[in-house]
Amino acid sequence: MIRHTIAIVAVLAALLVSAPSVLAAQHVIHYRLTFSEESSLTLSEEIASCVGYEGMIHEERLYDVRVTEFVDGPRAGNVYLTGVVSGPFTIAPHDPEAGPVYQGAIREKISFSGTSFDDPLVFTFLVHATATGSNGSSLKFLYHGHGVIGRNGEVKLEFDKVHCIQPGA
């Protein structure tokens, strides 16, 4: 009798331990996305002050992200994304006499959660950038941002900040 009781308790314990993970698996889909994009834009004031001139940045961004999509249950419709963006970039002055052209690479950690990829309710990014100027100078900066958006679209918190670690020449 004691053996049967121990066996029943062991089976029930195994079911209780495995049930939450089985139920969670039914409510969540995990997948990986990899893609790339290119863009060119005017330097922000913060990056311009770090390089010492006004100019343009051209970057190739290679995304490698993991997505968790809640398809059922109390969090149905929510999406969570975390991953890494990396790739080369070039910073060039508007006036060629203003300073060197920098070529380098970024590595960015990203995460966001919300109800769609287009409208995150919470987002965070941290970009590490290093580059070498056409004159041999080095450039290093961190670009960090965070935001929280209310469900009604009201911005509750939003900031982005450039930390110039090694200013350009």
Q: Between Ile106 and Ala129, which heavy-atom pair has the shortest distance, and what is it?
A: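 Heavy atoms only, the tightest pair is CG2-CB, 4.0 Å.
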Q: Going only through I, L, V, M, F, W and Y residues with side-chain contacts under 4.5 Å, is there a path from Leu41 to Ile47?
A: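 Cluster IDs for Leu41 and Ile47 match.
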Q: Can you tell if the side chain of Glu46 reaches within under 4.5 Å of the side chain of Tyr143, non-hydrogen atoms only?
A: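 No. Closest side-chain heavy atoms not under 4.5 Å.
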Q: Dump the intermediate steps for side chain to side chain contact (heavy atoms under 4.5 Å, CB included) on Val51 and Phe141, then the final yes or no.
A: CA-CA 10 Å; Val51 297; Phe141 62 88; 5.7 Å; no
Q: Considering residues at least two apart in sequence or located in another chain, which fulfil the side-chain contact (heavy atoms from CB on, under 4.5 Å) criterion with Glu54?
A: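 Only His94 meet the side-chain contact (heavy atoms from CB on, under 4.5 Å) criterion with Glu54.
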Q: If you look only at pairs with a residue in residues 52-164, which of them pass as a disulfide bond (SG atoms under 2.5 Å apart), with sequence neighbours excluded?
A: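 Only Cys50-Cys164 qualify under disulfide bond (SG atoms under 2.5 Å apart).
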Q: Excluding sequence neighbours, so at least two apart, what forms side-chain hydrogen bond (donor to acceptor under 3.5 Å, both in side chains) with His146?
A: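 By the side-chain hydrogen bond (donor to acceptor under 3.5 Å, both in side chains) rule, His146 matches Thr124.
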Q: Suppose we screen for side-chain contact (heavy atoms from CB on, under 4.5 Å). Which residues come up paired with Asp95, at least two apart in sequence or across chains?
A: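 With sequence neighbours excluded, Asp95 shows a side-chain contact (heavy atoms from CB on, under 4.5 Å) to Glu97, Ala98, given in chain and number order.
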Q: Could you work out, with side-chain hydrogen bond (donor to acceptor under 3.5 Å, both in side chains) as the rule, every residue matching Arg66, not counting sequence neighbours?
A: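 side-chain hydrogen bond (donor to acceptor under 3.5 Å, both in side chains) list for Arg66, sorted by chain: His30.
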Q: Restricting to pairs with a member in residues 63-139, which pass disulfide bond (SG atoms under 2.5 Å apart), not counting sequence neighbours?
A: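 Counting only pairs at least two positions apart or across chains, no disulfide bond (SG atoms under 2.5 Å apart) contact touches residues 63-139.
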Q: Given a cutoff of under 4.5 Å between side-chain heavy atoms of I, L, V, M, F, W and Y, with clusters grown through shared members, what are the other residues clustered with Val101?
A: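 Once heavy-atom contacts under 4.5 Å are chained together, Val101 still belongs with nothing else.
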Q: Would you be so kind as to tabulate the donor-acceptor pairs closer than 3.5 Å made by side chains of residues 55-63, with sequence neighbours excluded?
A:
residue	atom	partner	partner atom	Å
His58	ND1	Ser39	O	3.4
His58	ND1	Ser40	OG	2.6
His58	NE2	Glu38	OE1	3.1
Arg61	NE	Tyr63	OH	3.2
Arg61	NH1	Glu108	OE1	3.2
Arg61	NH2	Glu108	OE1	2.6
Tyr63	OH	Glu37	OE2	2.5

Q: For Val84 and Val65, work out which heavy atoms get closest and say how close.
A: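 That would be N-CG1, 4.4 Å.
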Q: Not counting sequence neighbours, which residues clear ring pair (Phe, Tyr, Trp, His ring centres under 6.0 Å) with Phe112? List them please.
A: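 Ring pair (Phe, Tyr, Trp, His ring centres under 6.0 Å) list for Phe112, sorted by chain: empty.
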Q: Show your reasoning for whether side chain to side chain contact (heavy atoms under 4.5 Å, CB included) applies to His128 and Leu142.
A: CA-CA 5 Å; His128 296 266; Leu142 294 175; 2.9 Å; yes
Q: Do you reckon Leu43 sits in the same ILVMFWY cluster as Phe125, going by side-chain contacts under 4.5 Å, direct or chained?
A: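 They do share one cluster, since a chain of ILVMFWY contacts under 4.5 Å joins Leu43 to Phe125.
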Q: For the side chain of Tyr53 and the backbone of Pro100, is there at least one donor-acceptor N/O pair under 3.5 Å apart?
A: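 Here the side-chain-to-backbone pair exists.
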Q: Output all residues satisfying side-chain hydrogen bond (donor to acceptor under 3.5 Å, both in side chains) with Glu158, sequence neighbours left out; order by chain, then residue number.
A: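 None.
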Q: For Phe89 and Ala131, work out which heavy atoms get closest and say how close.
A: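 Shortest heavy-atom contact: CZ-CB, 3.7 Å.
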Q: Tell me whether Tyr31 shares a hydrophobic cluster with Val79, the cluster being built from Ile, Leu, Val, Met, Phe, Trp, Tyr side chains joined at under 4.5 Å.
A: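 Yes, Tyr31 and Val79 fall within the same hydrophobic cluster.
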Q: Can you list every pair that meets side chain to side chain donor-acceptor pair (under 3.5 Å) and has a residue in residues 71-87, with sequence neighbours left out?
A: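 Applying side chain to side chain donor-acceptor pair (under 3.5 Å) to every pair that reaches into residues 71-87, excluding sequence neighbours, yields nothing.
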Q: Does one hydrophobic cluster hold both Ile29 and Val67, with members joined at side-chain heavy-atom distances below 4.5 Å?
A: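 Same cluster.
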Q: Are Ile110 and Leu157 joined in one hydrophobic group, where the rule is that I, L, V, M, F, W and Y side chains link up if heavy atoms are under 4.5 Å apart?
A: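 No; tracing contacts between hydrophobic side chains, which count when under 4.5 Å, never links both residues.
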Q: Partners of Lys140 by side-chain contact (heavy atoms from CB on, under 4.5 Å), sequence neighbours excluded?
A: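 Partners of Lys140 by the side-chain contact (heavy atoms from CB on, under 4.5 Å) criterion, ordered by chain and then number, come out as Thr130, Ile165, Gln166.
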